[in-house]
Amino acid sequence: MPVEIESSWHIRDVEIPSRIVLAPMAGVSVQAFRRQGRRFGAGLVCSEMVSCAGLQHRNERTLGYLRIGRDERPLAVQIFGSEPAVMADAARMVEAAGADLVDINFGCPVRKVTKTGAGATLLEDPDRACAIVAAVAGSVDVPVSVKLRRGLRNGSRAALSLGPKLVEAGAASLTLHPRSATQMYTGSADHTLTAELVELVDVPVVASGDIVSRGRAIEVLEETGASAVMVGRAAQGNPWAIGEIAGLLETEPTREEVVAELVLFMRATVRELGEQRATGFLKKFYGWYLGRGRFPKPFKQELVRLTTLGEVEDRLFAAAPGAADGLAALESELPGEEDVLLDLPISIYGGG
Ligand SMILES: Cc1cc2nc3c(=O)[nH]c(=O)nc-3n(C[C@H](O)[C@H](O)[C@H](O)COP(=O)(O)O)c2cc1C
């Protein structure tokens with residue numbers, strides 16, 4: 001029996017209300033993105049990867065990644081690093097901040113990360129990988145999940161030999177993005193490997209890679225036996241893709257809906273990152289939201305050149321005047337920040 005996308009499932013005792021997981025994406029998966037993903041039907045959302053060294057040194061920006069909202073849960077916070085003891089300490093901070101799951105990154109192919117022995121490097125360093133999972137799982141009560149690529153080089157099957165060992169070490173769930181680190185994002189995700197991994201382990205497996213539509217999601221769930229699909233690039237500036245995969249939406253959004261959702265996202269991002277950081281952060285989102293034939297290209301280029309977010313909002317409302325009402329309706333339905341933000345425990349700031 002194929003699983004229903006709308007049905008719930010569990011990672012140990014954490015109940016996840018749909019089979020859609022919003023992917024962790026560095027430079028994308030801010031809280032505003034995660035809360036939006038939950039609103040459109042994702043059952044589980046994930047922070048971007050957080051450096052365990054940054055947490056160890058109480059780096060202020062890194063600590064900011066641990067600010068969790070009630071309305072985004074269930075939520076996984078992903079950590080990366082190569083030292084088991086430091087990863088275990090980071091996991092304790094993640095748990096104390098209110099995350100439902102600690103996710104470990106064994107897939108990042110970026111050289112800045114792999115050269116430190118973290119990310120995808122661990123796919124071919126099984127002893128260290130297992131030591132990290134055992135240390136993390138031993139230090140927290142919440143379940144620990146691991147996200148993998150298939151291996152370092154093209155054609156590698158490293159994830160299949162490593163996966164069962166990670167489960168033995170304490171992983172309660174595995175996510176596989178079946179591309180090699182060398183591949184980065186080229187070629188396609190080979191989900192025959194995901195099906196093989198499902199056969200090898202007795203914990204839920206999440207299939208990540210090239211899930212762009214409800215049709216593809218159903219196909220991958222059926223062909224692999226995975227418990228859920230993860231959606232990444234398809235959801236960038238496009239929460240409606242999550243809605244379509246969840247079976248909640250059938251039509252493309254109107255221009256007014258796109259602008260209302262974008263402005264809501266901009267305002268939430270400013271509260272989260274501050275105006276200055278948000279101004280740069282948001283530039284890539286204009287193309288993502290307004291592309292896909294929704295607005296002409298010169299309009300997106302014009303927005304990127306504007307210097308303040310106030311000017312961007314004015315330009316957006318001028319292009320889609322009806323959007324202001326849609327935005328007001330969205331803002332009135334959502335809980336205020338003060339109702340949803342969990343405080344960072346004092347201990348996270350080193351007691352001060
Ligand atoms: C911009 C970007 C940033 C990413 N950052 C992370 C990350 O921080 N941690 C991680 O495990 N995967 C990361 N990924 C990989 C995605 O989680 C996902 O596995 C991959 O994009 C394949 O899924 P997709 O085809 O649905 O995009 C990132 C991907 C992109 C495009």
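Between Arg292 and Glu252 there is no salt bridge, since no side-chain N of the basic residue sits under 4.0 Å from a carboxylate O of the acidic one. Looking at Arg128 and Glu83, a side-chain N of the basic residue comes within less than 4.0 Å of a carboxylate O on the acidic one, giving a salt bridge. In this structure, Arg73 pairs ionically with Asp100, as a charged nitrogen and a carboxylate oxygen lie closer than 4.0 Å. By the 4.0 Å N-to-carboxylate-O rule, Arg39 lies close enough to Glu261 to be salt-bridged with it. Note on Arg153 versus Glu124: salt bridge recorded, some NZ/NE/NH1/NH2 to OD/OE distance being below 4.0 Å. Salt-bridge check for Glu219 with Arg216: passed, with a basic side-chain N closer than 4.0 Å to an acidic carboxylate O.
Geometrically, Lys297 does not engage Phe299 in a cation-pi contact, judged by NZ or CZ lying under 6.0 Å from the ring centre and within 45° of the ring axis. For the pair Arg149 and Phe106, the cation-pi criterion (under 6.0 Å, within 45° of the ring axis) is not fulfilled.
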Determine, step by step, whether Glu331 and Arg267 satisfy the salt bridge (Lys or Arg N to Asp or Glu O under 4.0 Å) criterion, reporting the C-alpha distance in whole Å, the side-chain angles of both residues, the deciding distance to 0.1 Å, and the verdict. CA-CA 10 Å; Glu331 283 184 328; Arg267 292 182 181 177; 3.2 Å; yes

Under the salt bridge (Lys or Arg N to Asp or Glu O under 4.0 Å) criterion, do Arg19 and Glu4 qualify, and how do the steps go? CA-CA 8 Å; Arg19 304 286 170 154; Glu4 297 263 330; over 6 Å; no

Run Arg179 and Asp210 through salt bridge (Lys or Arg N to Asp or Glu O under 4.0 Å) and show every step you take. CA-CA 11 Å; Arg179 281 189 172 88; Asp210 307 340; 2.9 Å; yes

Salt bridge (Lys or Arg N to Asp or Glu O under 4.0 Å) between Asp71 and Arg35, worked out: CA-CA 7 Å; Asp71 60 346; Arg35 290 167 75 183; 3.0 Å; yes

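There is a side-chain donor-acceptor pair under 3.5 Å between Glu72 and Gln31. Judged purely by distance below 3.5 Å, without hydrogens or angles, the side chains of Glu15 and Ser8 pair a donor atom with an acceptor atom.
In this pair, Trp240 and Phe40 present their aromatic rings perpendicular. The plane angle is above 60°, beyond the 30 to 60° band.
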